[in-house]
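Worksheet: one structure, shown below.
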Amino acid sequence: MTMPPCTALTCSVELNIAHVQINRPEKANAMNAAVWQELRTVFNWIDATPTIRVAVLSGAGAHFTSGIDLSLLASIAHETADPCPAHMREKLRYVVLDMQDTLTAVERCRKPVIAAIHGACIGGGIDLICCADIRYGTADAKFSIKEVDIGMTADVGTLQRLPKLIHPGIVRELALTARMFDGLEAAKIGLLNEALPSHEALIAEAMGVAATIAAKSPLAVRGTKEMLAYARDHSVADSLNYIATWNAAMLMSDDLTEAMTAAKQKRAAVFRD
């Protein structure tokens with residue numbers, strides 16, 4: 001499948017790994033309307049493309065993203081204007097739900113997504129990386145849940161997902177103060193898997209982990225991502241019931257046979273896309 005045309009994102013595919021970049025370096029990768037919509041388009045495409053097994057998400061230029069483009073907020077206010085307050089608020093609610101869905105497309109993608117973060121990761125950038133499965137960053141990356149500083153409550157995922165990733169008390173402090181913190185602190189509190197010393201080391205680590213995952217059974221990887229996401233939002237009993245049903249359908253596969261055969265033959269397993 002050919003990647004859909006994009007103006008704010010780029011995507012290259014090599015050895016079953018898609019590398020998606022936010023590509024507005026002249027604007028510090030600020031998330032304008034194109035970025036929001038193309039994230040959904042690109043990750044839906046990654047999800048549907050059999051040859052892609054893992055995605056790496058990064059930013060072109062000096063930053064991951066400086067957050068939502070403030071001009072987008074102005075355009076939303078203009079587009080949702082209505083003489084009837086109820087109609088205006090219903091339109092605005094739809095816009096917020098649609099923006100939430102663009103980021104949820106990253107989480108919804110069946111292929112694991114690794115975020116590689118350098119420079120600034122502000123506001124909407126935090127919302128975005130919370131949707132990734134694995135996060136690496138540079139030690140000097142700068143993070144901030146910035147929304148309270150511009151007079152709004154974060155509304156596209158940080159306040160819902162981040163308390164499932166790090167201690168809720170730390171989330172409250174960061175969200176209520178909007179203070180800046182670096183990659184070393186982000187790794188210490190568990191937001192990052194690791195803080196790397198340079199951008200080159202960051203990309204090398206992200207791509208190395210992506211290659212390791214891409215060599216595994218695609219069915220097993222997809223099932224693992226599905227089960228982890230389900231367990232986050234359901235009870236242990238519900239999650240155990242779901243995996244029993246899932247594996248009743250998925251366990252007896254060509255991938256299982258190939259993995260067992262390769263182990264016996266002391267060779268690397270080769271799985272179909």
Side-chain angles (χ1 to χ4, degrees), residues 22 28-31 36 39 55-59 62-68 70 73 96 99-109 112-199 201-203 205-206 209 224-225 227-236 239:
I22 306 172
N29 289 331
M31 300 168 71
W36 288 93
L39 279 167
V56 172
L57 174 63
S58 68
H63 301 285
F64 182 76
T65 176
S66 56
I68 192 168
L70 295 182
L73 295 179
V96 174
M99 293 177 72
Q100 291 173 352
D101 187 71
T102 66
L103 299 191
T104 299
V106 177
E107 182 178 76
R108 194 166 53 223
C109 178
V113 179
I114 300 172
I117 304 138
H118 75 295
C121 181
I122 308 298
I126 304 285
D127 294 297
L128 176 55
I129 66 170
C130 284
C131 296
D133 298 287
I134 300 170
R135 288 162 293 276
Y136 296 107
T138 56
D140 61 357
K142 300 298 181 186
F143 300 84
S144 173
I145 304 171
K146 192 70 174 171
E147 282 81 356
V148 294
D149 274 353
I150 59 171
M152 65 174 288
T153 302
D155 60 1
V156 288
T158 290
L159 302 184
Q160 292 70 39
R161 291 186 173 98
L162 195 55
K164 306 291 181 71
L165 298 174
I166 67 176
H167 191 284
I170 297 175
V171 177
R172 289 170 187 265
E173 179 216 332
L174 296 175
L176 293 169
T177 65
R179 74 170 175 84
M180 200 77 71
F181 57 103
D182 65 15
L184 291 174
E185 183 176 355
K188 181 180 178 181
I189 64 177
L191 177 59
L192 296 181
N193 291 61
E194 186 177 355
L196 284 305
S198 67
H199 184 249
L202 168 68
I203 297 302
E205 180 70 12
V209 173
T224 299
K225 176 168 179 172
M227 290 309 123
L228 289 169
Y230 188 89
R232 181 192 65 184
D233 299 325
H234 295 79
S235 69
V236 172
S239 300

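Throughout, numbering of the chain's residues begins at 1 and tracks the sequence.
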For Thr153, the side-chain hydrogen bond (donor to acceptor under 3.5 Å, both in side chains) test, sequence neighbours excluded, returns none
In this structure, CD1 of Ile117 is separated from OH of Tyr136 (nearest 0.5 Å) by 11.0 Å
Side chain to side chain contact (heavy atoms under 4.5 Å, CB included) with Leu128: of Val156, Leu103, Thr158, only one passes, and it is Leu103
Salt bridge (Lys or Arg N to Asp or Glu O under 4.0 Å) pairs touching residues 119-132, sequence neighbours excluded, are none
Taken in chain and number order and not counting sequence neighbours, the residues that satisfy salt bridge (Lys or Arg N to Asp or Glu O under 4.0 Å) with Lys164 are Asp233
Taken in chain and number order and not counting sequence neighbours, the residues that satisfy side-chain contact (heavy atoms from CB on, under 4.5 Å) with Thr138 are His118, Asp140, Ala141, Leu202
Report, one line per pair, each donor and acceptor closer than 3.5 Å where one atom sits in a side chain of residues 192-199; sequence neighbours left out.
{"residue": "Asn193", "atom": "OD1", "partner": "Arg135", "partner atom": "N", "Å": "3.1"}
{"residue": "Ser198", "atom": "OG", "partner": "Ala201", "partner atom": "N", "Å": "3.1"}

Hits for side-chain contact (heavy atoms from CB on, under 4.5 Å) against His234, two or more places apart or cross-chain, chain-then-number order -> Tyr230, Asp238, Ser239
So ring pair (Phe, Tyr, Trp, His ring centres under 6.0 Å) across residues 147-171, not counting sequence neighbours, yields none
Between Thr65 and Met31 the two heavy atoms that sit nearest each other are OG1-CG, 3.4 Å
Is there a side-chain contact between Ile134 and Pro112 in this structure, where contact means two heavy atoms from C-beta onward sitting under 4.5 Å apart? no
Quick note, salt bridge (Lys or Arg N to Asp or Glu O under 4.0 Å) partners involving residues 142-151, not counting sequence neighbours, are Lys146-Asp149
Applying side-chain hydrogen bond (donor to acceptor under 3.5 Å, both in side chains) to Ser66 and not counting sequence neighbours gives none
| Check: Glu205 and Ile114 side chains under 4.5 Å, non-hydrogen atoms | no
Query raised in the report: Does the side-chain contact (heavy atoms from CB on, under 4.5 Å) test come out yes or no for Cys131 and Val113, once each step is laid out?
Result: CA-CA 8 Å; Cys131 296; Val113 179; over 6 Å; no
Separation between CD (Glu107) and CZ (Arg232), nearest 0.5 Å, reads 4.0 Å
Between side-chain atoms of residues 176-191 and protein atoms elsewhere (two or more places apart, or another chain), which donor-acceptor pairs fall under 3.5 Å?
{"residue": "Thr177", "atom": "OG1", "partner": "Glu173", "partner atom": "O", "Å": "2.7"}
{"residue": "Thr177", "atom": "OG1", "partner": "Arg179", "partner atom": "N", "Å": "3.2"}
{"residue": "Arg179", "atom": "NE", "partner": "Glu173", "partner atom": "OE2", "Å": "2.5"}
{"residue": "Arg179", "atom": "NH1", "partner": "Glu185", "partner atom": "OE1", "Å": "3.2"}
{"residue": "Arg179", "atom": "NH1", "partner": "Glu185", "partner atom": "OE2", "Å": "3.4"}
{"residue": "Arg179", "atom": "NH2", "partner": "Glu173", "partner atom": "OE2", "Å": "3.1"}
{"residue": "Arg179", "atom": "NH2", "partner": "Glu185", "partner atom": "OE2", "Å": "2.5"}
{"residue": "Asp182", "atom": "OD1", "partner": "Leu184", "partner atom": "N", "Å": "3.2"}
{"residue": "Asp182", "atom": "OD1", "partner": "Glu185", "partner atom": "N", "Å": "2.9"}

What one should report as the nearest heavy-atom pair of Gly125 and Phe64 is O-CE2, 4.2 Å
Sorted by chain and residue number, the side-chain contact (heavy atoms from CB on, under 4.5 Å) partners of Val171 (sequence neighbours excluded) come out as Leu162, Pro163, Ile166
List the steps and the verdict of side-chain contact (heavy atoms from CB on, under 4.5 Å) for Met99 and Asp155.
-> CA-CA 9 Å; Met99 293 177 72; Asp155 60 1; over 6 Å; no
Notebook entry, point to check: Do Leu73 and Ile150 come close enough that some side-chain heavy atom pair is under 4.5 Å?
Noted result: yes
Residues passing the side-chain contact (heavy atoms from CB on, under 4.5 Å) test with Ser58, sequence neighbours excluded, are His19, Gln21, Ala116, Ile203
Output for pair (Cys109 SG, Leu57 CG), nearest 0.5 Å, gives 11.0 Å
